[in-house]
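To keep things clear, I will list the structure first and then write my remarks on it.
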Amino acid sequence: MAAFKPLIREILASGTPGETVEVQGWVRSRRDSKTVTFLMLNDGSNQVGLQVVADTTRFPEELIKAITTGAAVWAQGRLVESPGSGQKLEVQADALQLVGAADPQSYPLQKKGHSLDFLRTIPHLRLRTNTFGAVFRVRHHLSQAIHRFFDERGFVWLHTPIIAGSDAEGAGAMFRVTTLPVLPEQKPLEELLAEDFFGTEARLTVSGQLQAEAGALALSRVYTFGPTFRAENSNTTRHLAEFWMVEPEAAFFDLQDNIRLAEEFLKYLMRYVLERCPEDLAFLARHYQADLITRLQACLEASFARITYTDAIRLLESSGEAFEFKPQWGMDLQSEHEKYLAEKYFKGPVVVTDYPKDIKAFYMRQNGDGLTVAAMDILFPGIGEVIGGSQREERLEYLQQRMREMHIRSEELEWYLDLRRFGSVPHSGFGMGVERFLAYLTGMSNVRDVILSARTPKNIAF
RNA sequence: UCCUCGGUAGCUCAGUUGGUUAGAGCACCUGACUGUUAAUCAGGGGGUCGCUGGUUCAAGCCCAGCCCGGGGAGCCA
């Protein structure tokens, strides 16, 4: 098998001074001297790139001049130890080619740093910046770590559907999927839907959990990893209309097993990225969050704090903190409450368990007290809820009773009830928002900056 | 959706009480200098002040509506 031309990362890892190499990439900056031109080349394979030194007397002036910031360049030359102070190795060019020019008048990226705000308007080009190179390399390694973690523990990757038939789960507004014309003829809804692609209403999924439960009650341990959609009109640093979610589901797991799985999972991911991406994390720390690496390491060493919802309410009540919303049993924790718990009181990830049943989903397992369910949320400093999960209600009668109480139409969920009719077992699972956790890992403060192109209200370009 | 801050050169921003021809740094172009590291120095080009309407002798600045963006809230992962 013939080898591909090496990436810059590979050249720097295994190249030896004196050998002839080929380099290809995009120019981050050009610095001219009387007799030499310095090209900082980056191909996205690492943070630092590789400096190509071109003797100006050996190349046409027009060629050198055309190699501007953003241009794509191919070079061949000798790998040598650099006399300059910024890098160990550099390439003395023998051959140089402009592969693709970039008009310096209109190329939007400069050698100087840009605001994340501005870069969000050019998602197709921001990938070429140090910041987004780092973010997307970390995102890749994070994804690999997710698969490895579950594979090592016998979890099967289950590809759950993207198009969903019903909104029975009630996890927020859903996008409709249709092939009907934009302005349909006036007809009764039933008739219209009958003509639609699926012959009934279809929507984009908000979760693969219910199908994952079917998987878990057959394969014992499964997980999903894919895109998820919410049509909520949310405009925050933590919400996207399209985001990626990981949802493990395990048979014979109770809530405690579930929490242990989640904590091991998050720590595995942190450890993996710390090991694989030291250069990128160091860059992100330098530019966005000075204590990023020490914070991750500290998070790895300590056990996640645990508290029941009821105790959390008591703690908030007696905190002496001037909350805008008074903590009250039966009400959802407000952002300010979550922030107090994770950032001020516990100063790290905290697992809140056993929420009142009325503020949680119908499928969560009812506790013996008749008031709470076996739910757990994991709250992180800065980003809030990263994981939400529960032990599922495996008892048919309890599940049906909750569905009646919450006015959930059971016709569409008969298949889900079947899982309780035939060989039901205790089982648990959770969902993790990949972008939220990635934001925590990279020190980015907005989930829009850790995804290729953010889908948010009024934003679909690229 | 609500609250709040904002929209002035390619980018980041300044612009006084409403008053002549709207500025700076960086980027870009030209030149000088230099094994450079966000190179440096000198000069130059570059503007529908978000849009629409209004007040006024006069609007970047005041008023109204709308559009777009940031942050916060709600909802959630």
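Side-chain atoms are counted along with the backbone in the values below, which use heavy atoms only and exclude waters and symmetry mates. Throughout, a chain's letter reflects where its sequence line sits, starting with A, and its residues are numbered from 1.
- Under the ring-ring contact (aromatic ring centres under 6.0 Å, His included) criterion, A:His147 pairs with A:Trp157, A:Tyr223, A:Phe225, not counting sequence neighbours.
- Under the side-chain contact (heavy atoms from CB on, under 4.5 Å) criterion, A:Gln24 pairs with A:Lys5, A:Trp74, not counting sequence neighbours.
- B:G23 and B:G46 are spaced 13 Å apart, taking the C1' atom of each and rounding to whole Å.
- In terms of the side-chain contact (heavy atoms from CB on, under 4.5 Å) criterion, residue partners of A:Ile122 (sequence neighbours excluded) are, by chain and number, A:Pro108, A:Leu109, A:Phe118, A:Leu119, A:His124, A:Leu125.
- Straight-line distance from the CD1 atom of A:Ile146 to the P atom of B:A77: 17 Å, rounded to whole Å.
- Counting heavy atoms of neighbouring residues, nucleotides and ligands inside a 6.0 Å radius, atom CE of A:Met331 does not exceed 12 of them.
- Nucleic acid contact for A:Leu109: none, since no nucleic acid atom lies under 4.0 Å from a heavy atom of the residue.
- Side-chain polar atoms of A:Asp280 and A:Gln47 form a donor-acceptor pair below 3.5 angstrom.
- For A:Ser234 and B:C76, a side-chain-to-base donor-acceptor distance below 3.5 Å is absent, hydrogens and geometry of angles not being considered.
- Residue A:Arg28 places its CZ atom among more than 12 non-hydrogen atoms of other residues, nucleotides or ligands, all under 6.0 Å distant.
- Phosphate proximity of B:C3 to A:Asn235: absent, as no side-chain N or O sits under 4.0 Å from OP1 or OP2.
- With A:Phe132 as the aromatic partner, A:Arg128 does not meet the cation-pi criteria of under 6.0 angstrom to the ring centre and within 45 degrees of the ring axis.
- Taking the side chain of A:Phe38 as heavy atoms from C-beta on, and the options B:U36, B:C68, B:G72, the nearest nucleotide is B:U36.
- For the pair A:Glu62 CD and B:C29 C1', the interatomic distance rounds to 17 Å; values are reported in whole Å.
- Shown for residues 431-444 of chain A: residues whose heavy atoms fall under 4.0 angstrom of RNA chain B, namely A:Gly431, A:Gly433, A:Arg436.
- RNA chain B forms stems at B:1-7 with B:67-73, B:10-13 with B:23-26, B:28-32 with B:40-44, B:50-54 with B:62-66, each a run of 3 or more consecutive Watson-Crick or G-U wobble pairs whose two key distances fall under 3.5 Å.
- Looking at residues two or more places apart in sequence or on another chain, you find a ring-ring contact (aromatic ring centres under 6.0 Å, His included) between A:Tyr440 and A:Phe380.
- Applying the side-chain contact (heavy atoms from CB on, under 4.5 Å) criterion to A:Thr372, with sequence neighbours excluded, gives A:Trp329, A:Asp354, A:Asn367, A:Asp369.
- Computed from coordinates, the A:Asp449 CG to B:G70 C1' distance equals 11 Å when rounded to whole Å.
- Ring-base stacking between A:Phe243 and B:A77 is satisfied, the centre separation being under 5.5 Å and the plane angle under 30°.
- Using a 4.0 Å heavy-atom distance criterion, A:Glu90 is classed as a base contact.
- At whole-Å resolution of the value, CE in A:Met40 and P in B:A38 are 10 Å apart.
- Closest contact between the side chain of A:Arg230 and the listed nucleotides B:G35, B:C75, B:A77 involves B:A77.
- A heavy atom lying under 4.0 Å from RNA chain B marks the following residues of residues 325-344 of chain A, by number: A:Asp332, A:Gln334, A:Ser335, A:Lys339.
- Among B:A77, B:U37, B:C28, the nucleotide with an atom closest to any side-chain atom of A:Gln51 is B:U37.
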Detail all sub-3.5 Å separations between protein N/O atoms and N/O atoms belonging to nucleotides 23-25 of chain B.
none

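- Checked by atom type, the side-chain pair A:Tyr268/A:Glu152 shows a donor-acceptor distance below 3.5 Å.
- Two residues, A:Thr236 and A:Ile387, neighbour RNA chain B, and the one matched to the more 5' nucleotide by heavy-atom proximity is A:Thr236.
- Under 4.0 angstrom from either OP1 or OP2 of B:G70 there lies at least one side-chain N or O belonging to A:Arg448.
- Of the side-chain N and O atoms in A:Arg120, one or more sit less than 4.0 angstrom from OP1 or OP2 of B:G70.
- In A:Tyr345, the OH atom is not crowded: 12 or fewer heavy atoms of neighbouring residues, nucleotides or ligands sit closer than 6.0 Å.
- Residues of residues 65-80 of chain A that place a heavy atom closer than 4.0 Å to RNA chain B do not occur.
- B:A9 sits 12 Å from B:C26 when the C1' atoms are compared, rounded to a whole Å.
- The distance from the CD atom of A:Glu242 to the CG atom of A:Leu452 is 10.0 Å, given to the nearest 0.5 Å.
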Give me, pair by pair, the N or O atoms of the protein and of nucleotides 39-44 of chain B that are less than 3.5 Å apart, along with how far apart they are.
{"unit_1": "B:A39", "atom_1": "OP1", "unit_2": "A:Lys111", "atom_2": "NZ", "d": "2.8"}
{"unit_1": "B:A39", "atom_1": "OP2", "unit_2": "A:Arg31", "atom_2": "NH1", "d": "2.8"}

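- No contact: A:Glu242 has no heavy atom under 4.0 Å from any strand.
- Across B:U48 and B:G6, the matching P atoms stand 23 Å from one another, rounded to whole Å.
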**Annotated protein contacts, base or backbone, on nucleotides 5-14 of chain B with a non-hydrogen cut-off under 4.0 Å, one of B, S, - each** = -----BSS--
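- Across all strands, A:Thr35 comes closer than 4.0 Å to no nucleic acid atom at all (heavy-atom distances).
- Residues A:Phe150 and A:Phe265 place their aromatic rings such that the two centres sit under 6.0 Å apart.
- Using a 4.0 Å heavy-atom distance criterion, A:Val447 is classed as making no nucleic acid contact.
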